[in-house]
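Data first, discussion second: the structure below is written as C-alpha cells.
A note on names: the letters A, B, ... follow the listed sequences, proteins ahead of strands, and every chain is numbered from 1.
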Protein chains: 2
Amino acid sequence: MPRPSQTLLSRAIIARAALDLLDEQGLEALKMRTIADRLGVKGASLYHHVRSKDDLLDAVAELINDEIDLGPLSDPGGPAGIAAYAHGYRGVYLRYPHMIPLVARHRVSSVKALRGYDALLAALVRAGSTPAAAAEAAAAIDNLVLGSALETFTAGFTRQPADYRPDFPALAAALTAADEAPGALAGLDTRGFDLGLRLILAGLTPSA
Amino acid sequence: MPRPSQTLLSRAIIARAALDLLDEQGLEALKMRTIADRLGVKGASLYHHVRSKDDLLDAVAELINDEIDLGPLSDPGGPAGIAAYAHGYRGVYLRYPHMIPLVARHRVSSVKALRGYDALLAALVRAGSTPAAAAEAAAAIDNLVLGSALETFTAGFTRQPADYRPDFPALAAALTAADEAPGALAGLDTRGFDLGLRLILAGLTPSA
DNA sequence: ATCCAAAATCTAACCGTGTTAGGTAAACGG
DNA sequence: CCGTTTACCTAACACGGTTAGATTTTGGAT
C-alpha cells in the first residue's frame, strides 16, 4: 500500500496521537510503532513527518503548552489575574502527569512561551512593579509554578501521618495538622502553592 | 578473568562512576557498557550489584541528594537558617545540571528526604509557625526550590534583550532593566529565587 | 586440610526500539 | 500525457539494556 489516495499523516496528527497514547498509557508505552499502529500505519512512515522521536516529543510538549490560558493576564488582569493564570498553568501540568519527564528534558523557548512571559511581565508592571522588579518576580512565580507542577510535595508521604512520629516528629505533627480529612493529605499541595503565590504577589506591592 | 581475587565492584562504586560520567558527558553518554569500561569491567558484570539501569539511576540520585546540607536548619536555625538551607539545596542541583531529567523521573521518598522535610518543618515551627501553617510553607518552599533548580528562568532567553522589543515589549523592558551587565542576564535566576524565598519567609511571621 | 556452595567476573547472545534504505504507486505540475 | 515528487510500505541495521551459562576464586562447613 504505497502513497494512499488521501494522506493519512501529518506532524500535527502524529503529535495528537502521541499525546493521547501518553495520556492513557504513560511514557514507557510511547513507542514509534505503537503510535503508528493507532494511525493505521507502519512505524517507519512517521519519519516522513517528524525528524526523530525527540522532535516528536517536542511537538507533544508544545501541544500541552498551548493549553495554558494566557487570558487572565490581560482580561481582568491585576494580582487576581496573575494568580488565576498561575493556577491554570499549574493545572495543565497536573492534568498530564506523564509529561513531567518530558518537560524537564529541556527548556522550551517557543513563541508561546515568550508570549506567556511577556504577558506575565506586562501584568506585573501594570500591577505596580518596576520592570526590574517584575523580572525577578516573574522568575520567582515561574519557579514556583513549575516546581509545584513537577513534584507534588506530598507524593513522598505514603504512610499515615502518625506513623512518622517516632523518627520524624515534626513531620508527623505537620501532616496531622494539615489534613483535616484524615488519610487524604488532600489539598496540601494546592494550599502550599497558593500560599506561596499569595505571599509573593502580596510582597510585590508593599501593602497599600 | 572470572571472580577476581579482590572484588572490583559494588553498588556504591558503580554509582560513583556513573555520577562522574554523568557529570562529564551528560545523560546520553551514560551507558552501562561505558560505565563498566571506566571500572575496567564488562557491562554485564554490573548486574550483580545493580538490578537495572533504573535502579542505578536511583542510586546516583541518592548520591546527589546526600550532598544537601541540613545543617543550617538546626545550627543557626531561624529564617536565616532556612534561607541558607534552601540556597544550598538549590546549589546542589545547579552543580549537576545533567541530573535534572533524573530527578524529575519520580519522587524520591528516601530516608534522607524525610529527614530533610522533618528538619525544615521543625525549623518553621521554631520560627513561629503553627504545624498546619508550617506544612503549607514547607510545600511552598519545596516547590520554589525544585522549580528553581529544574528550570533556570533565563535559559529560554537567548537573544539580546533589545531584540525582543518588537514582539515582546514587556519582556524586552524587563530583561534590559534586570541585567546591569548587558548580555549577561547574570544573576536574574538567583535574584528571582531569593526574592521568592524572602517573601515567603517574611510572610510567615506577619511582621513583628 | 578438603570439599562444596556461593560469589564475581567473563563471553555470547537475545531482544526491543529508534532509525535508515530502497521499493512502489498515487498525486500533481507542466 | 509524462516525469517528478510524495507518502506509504517492507526489510533490515544498530545500538543499548538485559539474560544465560561458563569459569574461577573465595569462604565456610565438614
Side-chain angles (χ1 to χ4, degrees), chain A residues 1-63 98-99 101-102 104-106, chain B residues 1-63 98-99 101-102 104-106:
Chain A
M1 185 198 295
R3 208 210 209 284
S5 314
Q6 192 176 342
T7 179
L8 303 175
L9 301 177
S10 76
R11 182 181 175 87
I13 289 174
I14 296 172
R16 174 57 59 183
L19 177 53
D20 290 346
L21 181 59
L22 178 68
D23 214 13
E24 294 169 20
Q25 315 221 23
L27 197 55
E28 325 75 48
L30 198 64
K31 312 180 202 309
M32 297 302 274
R33 286 169 172 89
T34 310
I35 299 168
D37 276 354
R38 293 211 156 196
L39 296 168
V41 134
K42 301 296 175 179
S45 306
L46 303 180
Y47 287 85
H48 274 259
H49 305 268
V50 157
R51 262 183 299 285
S52 66
K53 185 177 185 181
D54 239 52
D55 180 40
L56 171 56
L57 294 183
D58 284 348
V60 173
E62 197 158 339
L63 225 45
H98 297 301
M99 273 299 291
L102 287 200
R105 286 183 322 150
H106 48 62
Chain B
M1 185 198 293
R3 210 215 208 283
S5 313
Q6 190 175 340
T7 180
L8 303 174
L9 300 177
S10 77
R11 183 180 174 88
I13 289 173
I14 295 171
R16 174 56 60 182
L19 178 54
D20 289 347
L21 181 58
L22 179 69
D23 214 13
E24 294 168 21
Q25 316 222 21
L27 197 55
E28 325 76 48
L30 199 63
K31 311 180 202 312
M32 296 302 276
R33 287 170 170 92
T34 310
I35 299 168
D37 276 354
R38 293 212 157 195
L39 296 168
V41 135
K42 300 296 173 179
S45 307
L46 303 180
Y47 287 84
H48 274 260
H49 305 271
V50 158
R51 264 183 297 285
S52 66
K53 185 178 184 180
D54 240 52
D55 180 41
L56 171 55
L57 294 182
D58 285 348
V60 173
E62 196 158 341
L63 225 45
H98 297 302
M99 273 299 292
L102 287 199
R105 286 183 322 151
H106 47 62

Query raised in the report: Which pair of heavy atoms, one from B:Leu30 and one from B:Leu22, lies closest together, and at what distance?
Result: CD1-N, 4.1 Å
Query - Interatomic distance, A:His48 NE2 vs C:dG22 P [rounded to whole Å] - result: 13 Å
Query raised in the report: Atom CG of A:Leu9 and atom C1' of D:dC9: how far apart are they, to the nearest Å?
Result: 12 Å
Report summary line: Taken to the nearest whole Å, CG/B:Leu8 to P/D:dT26 is 12 Å
Report task. Would you indicate whether the side-chain heavy atoms of A:Thr34 and A:Gln25 approach each other to under 4.5 Å? Result -> no
Query raised in the report: Are any non-hydrogen side-chain atoms of B:Ile14 and B:Leu39 less than 4.5 angstrom apart?
Result: yes
Query raised in the report: How long is the line joining CD of A:Gln6 and P of D:dT6, in whole Å?
Result: 19 Å
Query raised in the report: So what does B:Ser45 touch, heavy atoms closer than 4.0 Å: a base, only the sugar-phosphate, or nothing?
Result: base
Query raised in the report: Is the shortest distance from a Lys or Arg side-chain nitrogen in A:Glu62 or A:Arg11 to a carboxylate oxygen in the other one below 4.0 Å?
Result: no
Requested in this report: May I ask you to verify if any side-chain N or O of A:His49 is less than 4.0 angstrom from the OP1 or OP2 atom of D:dC8?
Outcome: yes
Report summary line: 5' to 3', nucleotides 14-21 of chain C under a 4.0 Å protein heavy-atom cut-off (B base, S sugar-phosphate only, - none) gives ---BBBB-
Query raised in the report: Just how far, in rounded Å, is P of C:dT9 from CG of B:Asp37?
Result: 15 Å
Query raised in the report: With a 3.5 Å cut-off and just heavy-atom distances, do the side chain of B:Arg3 and the base of C:dT9 make a donor-acceptor pair?
Result: no
**Report entry** Working for side chain to side chain contact (heavy atoms under 4.5 Å, CB included), residues B:Met32 and B:Leu56
**Finding:** CA-CA 10 Å; B:Met32 296 302 276; B:Leu56 171 55; 4.1 Å; yes
Requested in this report: Evaluate the criterion side chain to side chain contact (heavy atoms under 4.5 Å, CB included) for residue pair A:Leu102 and A:Leu27; output intermediate values, then yes/no.
Outcome: CA-CA 9 Å; A:Leu102 287 200; A:Leu27 197 55; 4.0 Å; yes
**Report entry** Inter-residue atom distance B:Thr7.OG1 - B:Arg3.CZ, 0.5 Å rounding
**Finding:** 7.5 Å
Report task. Evaluate whether atom NZ of A:Lys53 has more than 12 neighbouring non-hydrogen atoms of other residues, nucleotides or ligands under 6.0 angstrom away. Result -> yes
Requested in this report: Evaluate the side-chain proximity of B:Arg38 to B:Leu21: yes if any heavy-atom separation is below 4.5 Å, no if none is.
Outcome: yes
Report task. Enumerate the residues from residues 10-21 of chain B whose closest heavy atom to DNA chain C is under 4.0 Å, giving them by residue number; use none for an empty result. Result -> none
Query - Residue-phosphate contact under 4.0 Å: A:Thr7 side-chain N/O, D:dC8 OP1/OP2 - result: yes
Requested in this report: Would you kindly give the CG-to-P distance between B:Leu39 and C:dT9, to the nearest whole Å?
Outcome: 10 Å
**Report entry** B:Leu46 CG to C:dC10 C1', straight-line distance once rounded to whole Å
**Finding:** 12 Å
